[in-house]
Amino acid sequence: MIRAYINRTALRPCPPSFSVPGTELFLKMENEQRTGSFKIRGALNKMSSLTDSEKARGVVASSAGNHAQGVALAAKMLGVKATIVMPVNAPIVKINATKNFGASVILKGEFYDEAYAHALELEKSQNFVFVHPFEDARIIAGQGTIGLELLEDISDLDSVVVPIGGGGLISGIATAVKALRPSCKVYGVVSNQAPGMMTKYKGGTSPAAPMRIATIAEGIAVKNPSAKMLDTYIKRLVDDIVEVSDDEIAKAVVFLLEKGKTLVEGSGAAGMAAVMQGRFNLGKKSCVLLCGGNIDLNIISKVIERGQRNEHRLARIAVVVDDLPGNLYRLTGIFADLRANILEVYHDRVSPELGLRETRIDFLVETSSEEHIQQIHAALKTLGCRILSHN
């Protein structure tokens, strides 16, 4: 039903600069799918099944961004009016893309769950058809076409690693994969800022959800996991779930950009982050799903800086020195001698913690390793600098 409208995305070997001993690792490039994520699969499958009268009513959906674009494009293809409710902090790139596909966008709430509640209100008050991002058998089946493609390409696949937000993606893939190859492991990955699905999967009780979730993986930042998805699909079909941090995700985004020559958003890189941390027993052949590439341009530089800092290729070094002529020249000479490229310099002479004859100087420098940073520290101390921090 949807084959003619979607891309059969590429399956590529993982860049050779990262490897897992004994495992042939592949990447499923759903970040190159239409609308930049897998979501068009489920949205189109669901909306193609609507009756003419349902299409005439129009549809409403809630989304942090990728489901929004999938529904908006599917609606445009099918000639259906679409209204999308998105959190106010959804990435601008996703908001604008949704509007460009012709949907009406309403910004409501700090996080997805509030946007979802408002969309349900509109379903009742406006008589819209609600297109759920994951709790819908047709949505799940649409996402499951990824699993079918994977096994057509790698019939002896041993494992697949999938990010988890609401759970529709992993449920669809797991349903398809386990039906055709029961021995294939299906692994899930959540953000440690929204670990509820993992916690409940492992039998724990989720702590009270924070008022606001701050993560670069906003696409999988679901505060309250769906009990229906957990009980119907995930507990039955998924072999393990782990969590990853923003630092680990940033490292994966930088790796994929630099070595894989592909742009992946935070939620899309969560699976790769878990694999890079060695969280799973992958078997001989494994695939990591890169499920989205719609990263906000305003955050790319921050993610790259965070990833580089984690790799010790970038350092912020703050020092306090006597406020005397020539000291800045001597400090920059140390960086030059040790071949550390200075990107930024910030001078502070007025902070209350400084002495009257002291100044604080913050440097952002390109480095090559933690050892290189320590060499810089040692050299700065020979000038009598007081080092406040580096990260």
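In this chain, numbering begins with 1 at the start of the sequence shown.
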Margin query: Would you compute the distance between atom CG of N298 and atom CD1 of I295 and round it to the nearest 0.5 angstrom?
Written below: 10.5 Å

Next item on the list: Flag the pair K178 and D239 as a salt bridge only when some basic side-chain nitrogen lies within less than 4.0 angstrom of an acidic carboxylate oxygen.
Entry: yes

Notebook entry, point to check: For R279, does the CZ atom sit with more than 12 other heavy atoms under 6.0 Å from it, leaving out its own atoms?
Noted result: yes

Next item on the list: Would you indicate whether K55, at its atom NZ, is surrounded by more than 12 heavy atoms from other residues, nucleotides or ligands within a distance under 6.0 Å?
Entry: yes

Margin query: Using side-chain contact (heavy atoms from CB on, under 4.5 Å), reason through V71 and K39 one step at a time and then give a plain yes or no.
Written below: CA-CA 8 Å; V71 171; K39 288 287 190 176; over 6 Å; no

Notebook entry, point to check: Do side-chain atoms of E258 reach the backbone of F255 as a donor and acceptor pair under 3.5 angstrom?
Noted result: no

Item checked: N-O pairing of E311 and K251 below 4.0 Å -> yes

Notebook entry, point to check: Does D153 come within less than 4.0 Å of R8, counting only side-chain N to carboxylate O?
Noted result: yes

Note to self: Tell me whether E123 is salt-bridged to R57, with the criterion being a basic N under 4.0 Å from an acidic carboxylate O.
What the structure shows: no

Checklist line | Distance-only donor-acceptor check, side chains E265 and N66, under 3.5 Å | finding: yes

Check: Is a side-chain donor or acceptor of T23 paired with a backbone partner of G283 at a separation under 3.5 angstrom?
Finding: yes

Check: Between R316 and D362, is there a side-chain N and carboxylate O pair less than 4.0 Å apart?
Finding: no

Item checked: Atom of S49, atom of R138 and distance for their closest heavy-atom approach -> OG-CD, 3.0 Å

Item checked: SB check E32 R12 (cutoff 4.0 Å) -> yes

Notebook entry, point to check: Side chains of S226 and E135: is there a donor and an acceptor less than 3.5 Å apart?
Noted result: yes

Notebook entry, point to check: Can you tell me if CG on D246 sees more than 12 non-hydrogen neighbours from other groups inside 6.0 Å?
Noted result: yes

Check: Between S63 and A68, is there a donor-acceptor pair closer than 3.5 Å when you use the side chain of the first and the backbone of the second?
Finding: yes

Note to self: Can you tell me how far apart NZ (K99) and CG (N96) are? Round to the nearest 0.5 Å.
What the structure shows: 6.0 Å

Check: Taking R339 for the side chain and F335 for the main chain, is one N or O donor matched with an acceptor at less than 3.5 Å?
Finding: no

Note to self: Closer than 3.5 angstrom, by distance alone: can the side chain of Y233 be matched with the main-chain N or O of I170 as a donor-acceptor pair?
What the structure shows: no

Notebook entry, point to check: How many angstroms lie between atom CD of E358 and atom CG of D348, to the nearest 0.5 angstrom?
Noted result: 11.0 Å

Check: Is the shortest heavy-atom distance from the side chain of I361 to the side chain of L331 under 4.5 Å?
Finding: yes

Checklist line | Carboxylate-amine/guanidinium proximity below 4.0 Å for D247 and R306 | finding: yes

Item checked: Shortest non-hydrogen separation from A221 to T215 and the atoms involved -> CB-CG2, 3.8 Å

Margin query: Testing the basics here: between A103 and I84, what is the closest heavy-atom pair and its distance to 0.1 Å?
Written below: CB-CG1, 3.8 Å

Notebook entry, point to check: Do you know the tightest heavy-atom contact between P163 and C291?
Noted result: CG-SG, 3.7 Å

Note to self: For a salt bridge (Lys or Arg N to Asp or Glu O under 4.0 Å) check, start with the C-alpha distance between K202 and D240, then their side-chain angles and the critical distance, and finish with the verdict.
What the structure shows: CA-CA 9 Å; K202 295 188 175 182; D240 194 13; 3.8 Å; yes

Next item on the list: Could you walk me through whether Y116 and F130 pass the ring-ring contact (aromatic ring centres under 6.0 Å, His included) test, one step at a time?
Entry: CA-CA 10 Å; Y116 172 64; F130 186 70; 5.8 Å; yes

Check: Are side-chain heavy atoms of L297 and I300 found at a separation under 4.5 Å?
Finding: yes

Notebook entry, point to check: Ignoring hydrogens and geometry, is there a side-chain-to-backbone donor-acceptor pair from R386 to V321 under 3.5 Å?
Noted result: no

Next item on the list: Keeping the roles fixed (side chain from H377, backbone from I317), state whether a donor-acceptor pair exists under 3.5 Å.
Entry: no

Next item on the list: Look at E30 together with R41 and state whether they make a salt bridge at an N to O cut-off of under 4.0 Å.
Entry: yes

Note to self: Looking at E353, I'd like to know if its CD atom is crowded, meaning that more than 12 non-hydrogen atoms belonging to other residues, nucleotides or ligands lie closer than 6.0 Å.
What the structure shows: yes

Next item on the list: Check the side chains of E366 and N341 for a donor-acceptor pair under 3.5 angstrom, ignoring hydrogens and angles.
Entry: yes

Notebook entry, point to check: Can a salt bridge be assigned to the pair K185 and D158 using a cut-off of 4.0 Å between side-chain N and carboxylate O?
Noted result: no

Note to self: If the threshold is 4.0 Å, N to carboxylate O, is there a salt bridge linking E149 and K28?
What the structure shows: yes

Next item on the list: For residues S159 and S286, report the shortest heavy-atom separation together with the two atoms involved.
Entry: OG-OG, 2.7 Å

Next item on the list: Rounded to the nearest 0.5 Å, what's the gap from CD1 on I299 to CD1 on I92? Could you check?
Entry: 12.0 Å

Checklist line | Verdict with supporting geometry, N31 and T262, side chain to side chain donor-acceptor pair (under 3.5 Å) | finding: CA-CA 8 Å; N31 60 319; T262 190; 2.7 Å; yes

Notebook entry, point to check: So, N7 side chain and T9 main chain: donor-acceptor pair closer than 3.5 Å or not?
Noted result: no

